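Keep in mind that what you see is a predicted model, and the values were worked out from it rather than measured. Within every chain, numbering begins at 1; the chains are lettered A, B, ... in the order of the sequence lines, protein sequences first and strands thereafter.
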Amino acid sequence: MNDNGPTLLKVENLTKSFPGVIALNNVTFNLLKGEIHALVGENGAGKSTFIKIIGGVLQPDKGTILYDGNILSHLDPRRARSIGINIIHQESELAPTLSAAENIYMGREPTKECKWYVDIERMNEDAQEWLDKVGADFSSKVLVRDLTISQRRLLEIARAISMDTGLLILDEPTTAFTDQEVQRLFQIIRGLRNLGVTILYISHRLQEIFSIADRVTVFRDGHLISTKHIKETQEDELIRLMVGRELRAVVRDRSKPIKNTNSELVSVSKLTKEGAFNDVTFSVNKGEILGLTGLLGSGAGKIGQALFGLVEQDSGTISLNGVQVNLTSPAKAMYHEIAYIPADRKLDGLFMIKSITENISLASLEQLTKATVIDLQNERTEAKKYQTLLDIRAPSINQIVMNLSGGNQQKVLFARWLMKQAKVLILEEPTAGIDVGAKQEIYDLMSGLAQKGNSIILISSDLPEVLNVCDRIIVFRDGRIVYEIPGDEATQEIILHHSTGLCNPERKEERQ
Amino acid sequence: MVDGKGKQDAVSAHDAGGKLAEGIMHIWRTQKSLVVLLFVIVILAFLSEHFFTVYNLINVARQTSIYAILAAGMTLVLTVGEIDLSVGSNAGFCGVIAAYLLKRSISLPLVILIVLGVGLFIGMINGVLTAKIGVPFFVATLATMSALTGASFLITGGYPISMLPRAWRVFGQGYMWGIPVPVILMIATFIVLQFIQGRTTFGRRIYAVGSNPRAAYLCGINTDRIRVAAYSLCGFLAALGGIVMSSRMDAGDPSAGSTFLMTLVAAPILGGTKLSGGEGTVFGTLIGALVLTIMNNGMSLMNLNIYWQDLARGLIVLGVAIPQIERRLRR
Ligand SMILES: Nc1ncnc2c1ncn2[C@@H]1O[C@H](COP(=O)(O)OP(=O)(O)OP(=O)(O)O)[C@@H](O)[C@H]1O
Ligand SMILES: [Mg+2]
């Protein structure tokens, strides 16, 4: 490969291990000034560890880092930022009880003439400008804890671009983003590149990488496998480099007949909640995978939450097997054999300081107890079963979840609700952060569950995923159902057309 | 499925060398209080020939018992992510109520039942105030602490109610099979609580609520109810501690328990409980309480001024807590 142009970042023989794992093994890496460089690799390959070391969050065991010709040693996040290295981490790092503006300007608040007073008006206004620039649909004064996960992502991007940056690193910035947000992010990234900013971009969505990156580097099991020019590689090759062997294409097998179709399991009638959704009526059959999709704030996510007792409707009814039910809490919903995977695994899903076992078993403790005493042996065996099934990679099942890679954390969350064996599964962004290979496993699992007569409601911003696994797709816009189509007739264009409400979607051109 | 074999091999090769060091690090990280305990014991054994006498060791166990029983209850509230400032004054109040009832010749079993009920009820009030009504736990339990101390003084008129029936002494001063009854009560408490924490759904749910309340709610856990239960159990144990305390002093003293707070927080922290919730075991708390009393005991044996003991306790808590802070920052 021809590495012409000046080098911004040079990493040599970088090694980092954690108890029981070598996260990075002798990695040597070169980043050119002004390029958009993608990092790909399976869950646990070492991508996040790599960028955390560059950002001073973790210290390497050995190896050298040269940035702009200077050796960086004993780096800490503050210093990294001061020399222009700016990271959007995989897990959100915002203060939930502060406003969006306060989060953007944390530690560098604009002040009045007297340095002790924060100029709040100016801070809010400036923050709003940055938010508008990234296409955020919320005010800079709103508290972070009231934002959805994709809104929080936008906020982090706004914060990052508001700072002086030489190297911007984005670790899976597009989880929970729909195509619209992705395209806007890409515009921003290209704009930054034109201003001379270098970009390091991590994603499991390979299509994104092909449309934005100049070069791509593949990690596997802590090793840097290869760096390629994007024009000189294809998706298949990248996947092969990532997993070390061929992988079948990610397509759902719809050929097997589905049992029990046409018997309604869940039906929702005229469901309305002021400001969230309006007059929503649909039903899900046994053995069906129904996709709910739409743009940011379309109401699809809120419907999922309502079905799990998290949003109280103003009017309308929810019925299970034809019997009307009153879902006022997750406990009630679980009693009716409904399971729900929330979109934000860190905030709503996982117990970070608890072990993999405890995280998986928590929702199913009743199945594992005799007279309220937990059968620890049985619990371990069951948890191990799901660990193997989903290929959750960790040195031990007693590892605390905080120490897992992002994708493996997501698998733990998925395992918890698989173990519950509910009749109805509501999955919100279930494959966020999960690598291509494991995604395929999860789609297979979903098909298998449907085959057994369960109903699955998939709420996902990942359009190819929705098209791939759903038997039927319902499109939401502004809290209302605007379109419904069988999965095998749907295309990306049709769905986008209906979710944006534009007659002739212009974004097709933007892509090229 | 994806092939993880290469990684496994790499891991085991890496392991061979670092395993021993890693094991030692692991023991230090997880059993800090146990290490400190052994260390303190060894030092004391060298410094004082009186330390390793049966008499002294039984004495240490008995001195630990009241603190340990109360600290066990505190541990439950800490693991749920909150703190109960009123444990000590609840114990004192329960001792006063016991003495008051005994003075009115109410039968002993009935007194025990009533007092345990009172403690439990006070704990429940704390729980309802914080979980259901939404008063911040610091404020709620500070208020009950103050109210209970006030009530104790009002009931007693400021003087200890003494000269309790002889039979009452058994809980604080009696022996069974050669072991002091309070020590037996302490051991029983810890066995039961360790079982609840480690083996029951309730125990798991306490950890879940303490480590991420939102996620716990989304797992179908009634988080309010778990909080109320933790406070109630803590109140129940405060009553048990109060019974032992009044029996040991042979009086219902309104000021008893008011100075306990530092020890009741220090013991769990020494034992690995995190103030941020979700982590910690009552077994650790027992060890932590032992460390604290043994230190005091040793210093008494060496005739050190009592104020040295407060100073030493403060330093040892800091010593254990600082690495925790450091590790959190590094994440
Ligand atoms: N703090 C930690 N303690 C122990 N092990 C860790 C820690 N952080 C990461 N690891 C381990 O290091 C390895 C690499 O993790 P890393 O987060 O870099 O993966 P990743 O490539 O970002 O994966 P993903 O795509 O799932 O985000 C994993 O095996 C993970 O379990
Ligand atoms: Mg990662």
Is the closest side-chain heavy-atom distance between B/V87 and B/L237 below 4.5 Å? no

May I ask you to list the residues in residues 199-215 of chain B that approach chain A closer than 4.5 angstrom, counting heavy atoms only, ordered by number? B/R199, B/T200, B/T201, B/R204, B/R205, B/Y207, B/A208, B/S211, B/N212, B/R214, B/A215

Among residues 127-138 of chain B, those lying within the under-4.5 Å heavy-atom range of chain A are none

Going by atom types alone, do B/N126 and B/T141 pair a side-chain donor with an acceptor below 3.5 Å? no

Side chain to side chain contact (heavy atoms under 4.5 Å, CB included) between A/L58 and A/F18, worked out: CA-CA 11 Å; A/L58 293 172; A/F18 295 108; 3.9 Å; yes

Just by modelled atom types, is the A/I392 backbone N or O under 3.5 Å from a matching donor or acceptor in the A/Q387 side chain? yes

Can you confirm whether A/E382 sits close enough to A/L368 that some side-chain heavy atom of one is under 4.5 Å from a side-chain heavy atom of the other? yes

Part of B/I196 lying under 4.5 Å from any heavy atom of chain A: neither

Against chain B, work out which of A/M352, A/K332, A/K354 has the most heavy-atom pairs shorter than 4.5 Å and name it. A/K354

Which bit of A/S361 comes within less than 4.5 Å of chain B, counting heavy atoms only: side chain, backbone, both or neither? side chain

Let's go through A/E91 and A/R345 carefully: what are the C-alpha distance in whole Å and the side-chain angles of both, what is the deciding distance for salt bridge (Lys or Arg N to Asp or Glu O under 4.0 Å) to 0.1 Å, and is it a yes or a no? CA-CA 9 Å; A/E91 308 298 335; A/R345 60 172 171 261; 3.0 Å; yes

What part of A/E379 is in contact with chain B, defined as an atom under 4.5 angstrom from a non-hydrogen atom: side chain, backbone, both or neither? side chain

Would you please name every residue forming a side chain to side chain contact (heavy atoms under 4.5 Å, CB included) with B/A71, sequence neighbours left out? B/L264, B/A267, B/P268, B/T285

Side-chain donor/acceptor of B/Q197 to backbone N/O of B/V282, under 3.5 Å: yes

Does the A/K47 side chain pair with the main chain of A/G41, one donor and one acceptor, at a distance under 3.5 Å? yes

Check: B/T281 side chain, B/G284 main-chain N or O, donor-acceptor pair, under 3.5 Å: yes

Side chain to side chain, A/N26 and A/H223, heavy atoms closer than 4.5 Å: no

I'd like to know whether CD of A/E366 has more than 12 heavy-atom contacts from other residues, nucleotides or ligands below 6.0 angstrom. yes

Should the heavy atoms of other residues, nucleotides or ligands under 6.0 Å from NZ of A/K62 be counted, would the total exceed 12? yes

Can you find a heavy atom in the side chain of B/M124 that is under 4.5 Å from one in the side chain of B/V228? yes

So if I take each residue of residues 405-421 of chain A and look for any heavy atom under 4.5 Å from a heavy atom in chain B, which residues do I end up with? A/R416, A/W417

So which of A/D375, A/L310, A/T369 has the biggest tally of heavy-atom pairs under 4.5 Å with chain B? A/L310

Contact part of A/F351 toward chain B, heavy-atom cut-off under 4.5 Å: side chain, backbone, both or neither? both

Show, in sequence, the C-alpha distance, side-chain angles and deciding distance for B/M186 and B/L286, and conclude whether the side chain to side chain contact (heavy atoms under 4.5 Å, CB included) test is met. CA-CA 9 Å; B/M186 168 178 82; B/L286 177 60; 4.0 Å; yes

Test salt bridge (Lys or Arg N to Asp or Glu O under 4.0 Å) applied to A/K346 and A/D344, step by step: CA-CA 6 Å; A/K346 188 180 177 192; A/D344 189 333; over 6 Å; no

In terms of heavy-atom proximity below 4.5 Å to chain B, should A/F308 be classed as side chain, backbone, both, or neither? side chain

Under 4.5 Å from a heavy atom of chain B, the part of A/L362 involved: side chain

Non-hydrogen side-chain atoms of A/L307 and A/V424 separated by less than 4.5 Å: no

